[in-house]
**Student:** 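Just dropping this structure here.
Residue numbers start from 1 in every chain, and the chains themselves are labelled A, B, ... in the order their sequence lines are given, proteins ahead of strands. Being a predicted model, the structure only gives us computed values, none of them experimental.
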2 protein chains.
Amino acid sequence: MNAIDWTERFKGTMALPRPVRDRLLNVALIRDHKKGYQVFGPENVPDSLIFLYDGTIRVSQTSGNGRDIVLYRVDAGESCVLTTACMLAEEAYNAEGIAESDIKVVVLPKMSFDRLVAEEPAFRSFVFATYSRRLIDLLRVVDDVAFGRIDVRLAERLLVLAGGDREIAATHQEIASELGTAREVISRVLHDFQERGLIVQSRGRITLSAKPALRAIAESD
Amino acid sequence: MNAIDWTERFKGTMALPRPVRDRLLNVALIRDHKKGYQVFGPENVPDSLIFLYDGTIRVSQTSGNGRDIVLYRVDAGESCVLTTACMLAEEAYNAEGIAESDIKVVVLPKMSFDRLVAEEPAFRSFVFATYSRRLIDLLRVVDDVAFGRIDVRLAERLLVLAGGDREIAATHQEIASELGTAREVISRVLHDFQERGLIVQSRGRITLSAKPALRAIAESD
DNA sequence: CCTTATTCAGTGACAAGGTCACAGAACTTG
DNA sequence: CAAGTTCTGTGACCTTGTCACTGAATAAGG
């Protein structure tokens, strides 16, 4: 028996009839993980489907020579579709999902997932929507990496990372890993931003002192 | 009534019971399109699901300033999942699918598709497998573009484009659009390959004269 | 508290790839 | 065959990535 009714939380389950939801609450497990936990990865392919109840998961790809790129983030209320993809993939891939905060996940056995997809149209369209969303996310990543300028991408990402706040706690290396580039490149561009008065830097911390100007750069494409 | 039993052709339908297949043959349409036809695109979002009976579809993304990149190809017997994604996407995207040869497609109305996914596990897993496959394809593209060397990627692509043959009929611009780079870059690298005796070029034509050497380059990562 | 590691950021030189402008070669069409 | 179009080659320059190394900021240990 679960203490929380997680079926309230997901678009795909909140509209389901009570009996179905009760059944789900019985078959699914709730798991807590610490920040930094690897939800899935090349060596760690889960055999169940994962729904994120709370926290965020950062999905990134790693190159041979130590460079990373963030593909997208899974937010609370979303499903982690790459786990499905991983399960079906024979080919090698090198994406991994890391808990970016402490997280709470709902683990649904493959069989229950399958049954739910078959029987509940609401759940089915939730799953397809999530898949589509991720495909679109990846299209965006391809577009950025193949055709985007690094200063534009950096300005954009700084604004996203800051959210409503003016400060970001991140090293240059971490930001480089967001964008799939090298640390030196980020150092250079941040230095430039600082000289132009757009940001203030200190070790491991960036203050956005001119968000509108950054937004102008981010949108100049 | 359709002349051909296309349900033979797809992994997701060939195992279905006869009555279901007959029903499908009735509701689905068969369409022929000429090479170059745009199967889907930003301005052209189909409202049905598309399965490719014959030919190939090249799915590519276009940047603002005239550069392209090929994301993947849909081969006969596969479904074109991006159409589903496009249908669900509110956000802008700029991918398009172009018939790379004359093609024959099966057009399945959304409703029939939905019913089939609900009722037939075989079809369901076919659809999920296709989605996963595309996700993995895109992961590969991201990896190549973000971390790959252009000479390695070019050698690889030349071998793929040639297939069993030694000759490729393509302009430098077309190859650049495969890899998401500029024409001049391809011209330079091809020139280099030619000087090293790996290929012979003439206008619009490339002969791979040393496939093993190219393969060595392609695999040097 | 000071010393010593360790992590983080800055920098210059160079390589790789992308952009621009233009020239000449190879096909096509009238 | 002449004229136009498409394709390829090339040099100069800019952006981005790589390498090697430096010093600064912080953490850890005595």
Side-chain angles (χ1 to χ4, degrees), chain A residues 36 61-69 141-158 167-196 199-207 217 220-221, chain B residues 36 61-69 141-158 167-196 199-207 217 220-221:
Chain A
Q61 192 164 35
T62 306
S63 83
N65 43 318
R67 262 165 66 198
D68 280 12
I69 184 169
V141 174
V142 169
D143 198 277
D144 282 356
V145 174
F147 309 128
R149 289 180 54 88
I150 198 69
D151 51 351
V152 174
R153 295 176 58 210
L154 177 55
E156 194 180 342
R157 192 59 64 110
L158 288 178
E167 289 219 342
I168 300 168
T171 66
H172 294 185
Q173 180 56 64
E174 284 165 352
I175 297 172
S177 294
E178 290 275 331
L179 301 179
T181 183
R183 199 260 317 159
E184 295 91 322
V185 175
I186 297 298
S187 291
R188 276 201 287 259
V189 180
L190 283 179
H191 185 80
D192 178 54
F193 282 1
Q194 183 160 35
E195 299 227 306
R196 291 159 65 184
I199 62 169
V200 178
Q201 296 191 74
S202 60
R203 188 189 168 97
R205 173 173 311 279
I206 299 166
T207 308
I217 295 174
S220 69
D221 49 315
Chain B
Q61 191 165 33
T62 306
S63 83
N65 44 318
R67 264 165 66 199
D68 282 10
I69 185 168
V141 174
V142 170
D143 198 276
D144 282 356
V145 173
F147 309 127
R149 291 179 52 88
I150 198 68
D151 52 350
V152 174
R153 295 176 58 211
L154 177 55
E156 196 179 341
R157 192 60 62 109
L158 288 177
E167 288 219 341
I168 299 168
T171 65
H172 293 185
Q173 180 56 64
E174 285 165 349
I175 297 172
S177 294
E178 290 277 331
L179 301 179
T181 184
R183 198 261 314 160
E184 295 91 322
V185 175
I186 297 298
S187 290
R188 279 201 283 258
V189 180
L190 283 178
H191 185 83
D192 178 55
F193 282 1
Q194 182 160 37
E195 299 227 305
R196 292 158 65 184
I199 62 170
V200 177
Q201 296 191 75
S202 59
R203 190 189 165 98
R205 172 173 310 281
I206 298 165
T207 308
I217 295 173
S220 68
D221 52 312

**Student:** Mapping Gln194(A) and Val185(B) to their closest nucleotides on DNA chain C, which lands nearer the 5' end?
**Tutor:**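 Here Gln194(A) is the residue nearer the 5' end.
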
**Student:** Taking side chain as C-beta onward, heavy atoms only, is Ile217(B) less than 4.5 Å from Arg196(B)?
**Tutor:**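 Side-chain contact under 4.5 Å: yes.
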
**Student:** Tell me: CD of Gln173(B) to P of dT5(D), nearest whole Å?
**Tutor:**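 Going from CD in Gln173(B) over to P in dT5(D) covers 18 Å.
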
**Student:** Using only heavy-atom distances, decide whether a donor-acceptor pair under 3.5 angstrom links the side-chain of Arg188(B) to the base of dG18(C).
**Tutor:**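 By the distance-only test, yes, there is a pair.
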
**Student:** Mark yes or no for a side-chain to base donor-acceptor pair under 3.5 Å between Arg183(B) and dG9(D), with no hydrogen or angle criteria applied.
**Tutor:**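 It does, because a donor-acceptor pair links the side chain of Arg183(B) to the base of dG9(D) below 3.5 Å.
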
**Student:** Provide, to the nearest angstrom, the distance between the CD atom belonging to Glu174(B) and the P atom belonging to dT6(D).
**Tutor:**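 Computing the Glu174(B):CD to dT6(D):P distance gives 13 Å.
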
**Student:** Measure from NE2 on His172(A) to P on dG17(D) and round the result to the nearest Å.
**Tutor:**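 Result: 16 Å.
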
**Student:** Between Thr181(A) and dG17(D), is there a contact of a side-chain N or O with OP1 or OP2 at under 4.0 Å?
**Tutor:**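 True: Thr181(A) side-chain N/O within range (under 4.0 Å) of dG17(D) OP1/OP2.
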
**Student:** According to a strict under-4.0 Å criterion, is Arg67(A) in side-chain N/O contact with OP1 or OP2 of dT18(D)?
**Tutor:**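 Yes, within the criterion.
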
**Student:** Between Arg67(B) and Ala146(A) (side chain of the first, backbone of the second, donor and acceptor by atom type, cut-off under 3.5 Å), is there such a pair?
**Tutor:**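 Yes.
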
**Student:** Between atom CD1 in Ile150(B) and atom P in dT16(D), what is the gap in whole Å?
**Tutor:**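 Rounded to whole Å, this separation is 16 Å.
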
**Student:** Is there a donor and acceptor pair, one atom on the side chain of Arg203(B) and one on the base of dT6(D), closer than 3.5 Å?
**Tutor:**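 Result: at least one qualifying N/O pair found.
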
**Student:** Could you give the CD1-to-P distance, from Ile186(A) to dC8(C), as a whole number of Å?
**Tutor:**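 My rounded result for the distance is 15 Å.
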
**Student:** Rounded off to whole Å, could you give me the CD1-to-P distance for the Ile206(B) and dA26(C) pair?
**Tutor:**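 Distance, rounded to whole Å: 16 Å.
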
**Student:** Does the Arg157(B) side chain pair with the main chain of Leu179(B), one donor and one acceptor, at a distance under 3.5 Å?
**Tutor:**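 Not at all, since once roles are kept as given, no pair shorter than 3.5 Å links the two residues.
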
**Student:** Between Glu195(A) and Asp192(A) (side chain of the first, backbone of the second, donor and acceptor by atom type, cut-off under 3.5 Å), is there such a pair?
**Tutor:**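 Judged by distance alone, no pair lies under 3.5 Å.
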
**Student:** Within less than 4.0 Å of OP1 or OP2 of dA9(C), is there a side-chain N or O belonging to Ser187(A)?
**Tutor:**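 False: Ser187(A) side-chain N/O out of range (4.0 Å or more) of dA9(C) OP1/OP2.
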
**Student:** Both Gly148(B) and His191(A) contact DNA chain C. Which one's nearest nucleotide lies toward the 5' end?
**Tutor:**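 The residue closer to the strand's 5' end, by nearest nucleotide, is His191(A).
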
**Student:** Ignoring hydrogens and angles, answer whether the base of dG17(D) and the side-chain atoms of Arg149(B) contain a donor-acceptor pair closer than 3.5 Å.
**Tutor:**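 Per atom types, no contact qualifies.
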
**Student:** On the side chain of Glu184(B), is there an atom forming a donor-acceptor pair with the base of dC20(C) - under 3.5 Å, no angle test?
**Tutor:**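 Between dC20(C) and Glu184(B), which were checked side chain against base, a qualifying N/O pair under 3.5 Å is present.
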
**Student:** CG of Leu154(B) versus P of dG18(C): gap in Å, rounded?
**Tutor:**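 Value for this atom pair: 12 Å.
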
**Student:** Would you compute the distance between atom OG1 of Thr181(A) and atom CG of Leu154(A) and round it to the nearest 0.5 angstrom?
**Tutor:**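 That separation rounds to 9.5 Å.
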
**Student:** Expressed in angstrom and rounded to an integer, what is the separation of Asp68(B) atom CG from dG18(C) atom C1'?
**Tutor:**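 These atoms are roughly 16 Å apart.
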
